[in-house]
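See structure below.
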Amino acid sequence: MDLELSQRHVEFRDEVRTWLMENHPGRILSMDTADGFEEHRNWETVLFDGGWSVPAWPAAYGGRDCDLIEWLIYEEEYWLSGVPGRVSANGVSLLAPTIFNFGSQAQQDHFLPKMASGEHIWAQGWSEPEAGSDLAGIATKAIRDGDDFVLNGQKTWCSRGAYADWIFCIVRTDPGAERHRGLTYLLVPADSPGLERRPISRLDGEPSFAELFFDDCRVSAEYVLGEEGQGWGVAMAAAGSERGLSLRSPGRFMAAAERLAELARSIQGDGSTDPRLRDEVVDAWIRAQAYRWQTYQLAAGLMEGAEIGSEASLGKVFWSELDVELHATALRLLGDQAELVDGNDWLDGYLFALSGPIYAGTNEIQRNIIAERVLGLPRR
Ligand SMILES: Cc1cc2nc3c(=O)[nH]c(=O)nc-3n(C[C@H](O)[C@H](O)[C@H](O)COP(=O)(O)OP(=O)(O)OC[C@H]3O[C@@H](n4cnc5c(N)ncnc54)[C@H](O)[C@@H]3O)c2cc1C
């Protein structure tokens, strides 16, 4: 395996790096507040106008047809540059691959360019109070009535659900069918009459996390993605990309590891660091690199026609635990300064990292998948 970047990739990396440096918007508000959400939408537009919103998509939809290796390089540069995170991540990373796979031509033409430009910001409406890990337990009903579905029920834990423009949902369209069979994947306009969005209080006080309540909410049947009743298959394809490559690329953790090393150097410049803490910094940095190379190997396989299977769960467990460790190490380095709330990105990051082992399928569930489908261990 050749671990050096080719000349073409070096030029690509320099082009991304230069553009990000020249267009860096500086620090903007949190995307989980109303004003911050709109600031992030503007940043999405800047990215789109510069041709850097969705580099791996076809040019026809605003991309530049990058291959997976170029996309990984782009992600590394993106996170290292310190520009704001992507408010469009749910759409671009989770929904877009599903639209490319299952969407009609009309749906692709309508939704993809608006997603790429930031005109439509998407949220994921899958979880319900009684359906998280057991996703097939979804109870929100969508009953066909003419050209519409009529939705009744409740979704929860909807990231940025309070401000998103559209929500991609899994709903039960055939309550009589066996659990996995009666589900449909439905794209729901967030301003639909009969849909109420209530913010859920978060530890950090930011109000974008939402519960969704559907009360005779009508949604056009033209927004079904894939076939009616095939929602489980469509959702599982999306979950593969969520846990696999697209949700958390290595660039994010490599950037955090670089910042951690920088923090260690700045605090412990006189060499007085606790050697165990120094080891933890080095260990976290090495693990970020390991995730990088494992991902390049996965990408190379995908480019040769392999598919992401249950192995995606290995990556999900690895990056989510690495993220907690990176941030916990930073807090240990900071000592009593770690508890300062204002302007302390490490504390914010740590609180968010704690949710990594929960969202995108909990790590306990991922370990079940690894045990049964990767290692072939018997089911209990
Ligand atoms: C920050 C954050 C953002 C999120 N964003 C979204 C979003 O945008 N859209 C969305 O739809 N959802 C979102 N979620 C919800 C997330 O997908 C669910 O929290 C997750 O799937 C777990 O479901 P649950 O909370 O109902 O827990 P449960 O499924 O009730 O699980 C509770 C505990 O039991 C364990 N458990 C359950 N079943 C098993 C089993 N069979 N074997 C072993 N252990 C088991 C779980 O691992 C967990 O520890 C988000 C969650 C978080 C924390």
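Each ligand, and each atom within it, is numbered from 1 in the order the structure gives. Nothing fancy with the numbering, it's 1 onward along the sequence.
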Identity and separation of the nearest protein heavy atom to [atom]:
atom                    : value
atom 24 (P) of ligand 1 : Gly132 CA, 3.9 Å
atom 12 (N) of ligand 1 : Ser127 OG, 2.7 Å
atom 9 (N) of ligand 1  : Gln124 O, 2.7 Å
atom 42 (N) of ligand 1 : Asn368 ND2, 3.0 Å
atom 25 (O) of ligand 1 : Trp157 NE1, 3.8 Å
atom 51 (C) of ligand 1 : Tyr359 CB, 3.7 Å
atom 28 (P) of ligand 1 : Ser133 OG, 3.7 Å
atom 38 (N) of ligand 1 : Ile365 CD1, 3.7 Å

Pull out every atom of ligand 1 sitting under 4.0 Å from any heavy atom of [X], numbered as shown with elements.
X      : answer
Trp126 : 11 (O)
Ser355 : 1 (C), 53 (C)
Thr362 : 22 (C), 46 (C), 47 (O)
Glu364 : 43 (C), 44 (N), 46 (C), 47 (O), 49 (O)

### Query
Do any N or O atoms from the side chain of Thr45 and from the backbone of Arg41 form a donor-acceptor pair under 3.5 angstrom?
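Yes.
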Under 6.0 Å from the ring centre and within 45 degrees of the ring axis: does the NZ or CZ of [X] meet both conditions for the six-membered ring of [Y]?
X      : Y      : result
Lys155 : Trp157 : no
Arg259 : Trp79  : no
Arg252 : Trp319 : no

### Query
What part of Asn363, side chain, backbone, both or neither, has a heavy atom within less than 4.0 angstrom of ligand 1?
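Near ligand 1, Asn363 shows nothing, with every heavy atom at 4.0 Å or more.
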### Query
If you measure from each non-hydrogen atom of Ile358 to ligand 1, which part falls under 4.0 Å: side chain, backbone, both or neither?
both
### Message
Could you check whether Glu280 pairs with Arg332 (Lys NZ or Arg NE/NH1/NH2 to Asp/Glu carboxylate O, under 4.0 Å)?
### Response
yes
### Task
Give me the one residue out of Glu196, Glu130, Arg198, Glu211 that meets side-chain hydrogen bond (donor to acceptor under 3.5 Å, both in side chains) with Gln154.
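Between Gln154 and the candidates, side-chain hydrogen bond (donor to acceptor under 3.5 Å, both in side chains) is satisfied uniquely by Glu211.
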### Query
Does atom 33 (C) of ligand 1 have a protein heavy-atom neighbour under 4.0 Å away?
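So atom 33 (C) of ligand 1 lacks protein heavy-atom neighbours under 4.0 Å.
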Check: [X] ring centre within less than 6.0 Å of [Y] ring centre:
X      : Y      : result
Phe352 : Tyr359 : yes
Trp52  : Phe12  : yes
Trp57  : Phe100 : yes

### Message
Geometry only, no angles: is Ser159 polar-contacting ligand 1 at N/O separations under 3.5 Å?
### Response
yes
### Task
Would you check if there is a donor-acceptor pair between the side chains of Ser30 and Glu206 at a distance under 3.5 Å?
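The answer is yes; a qualifying pair exists.
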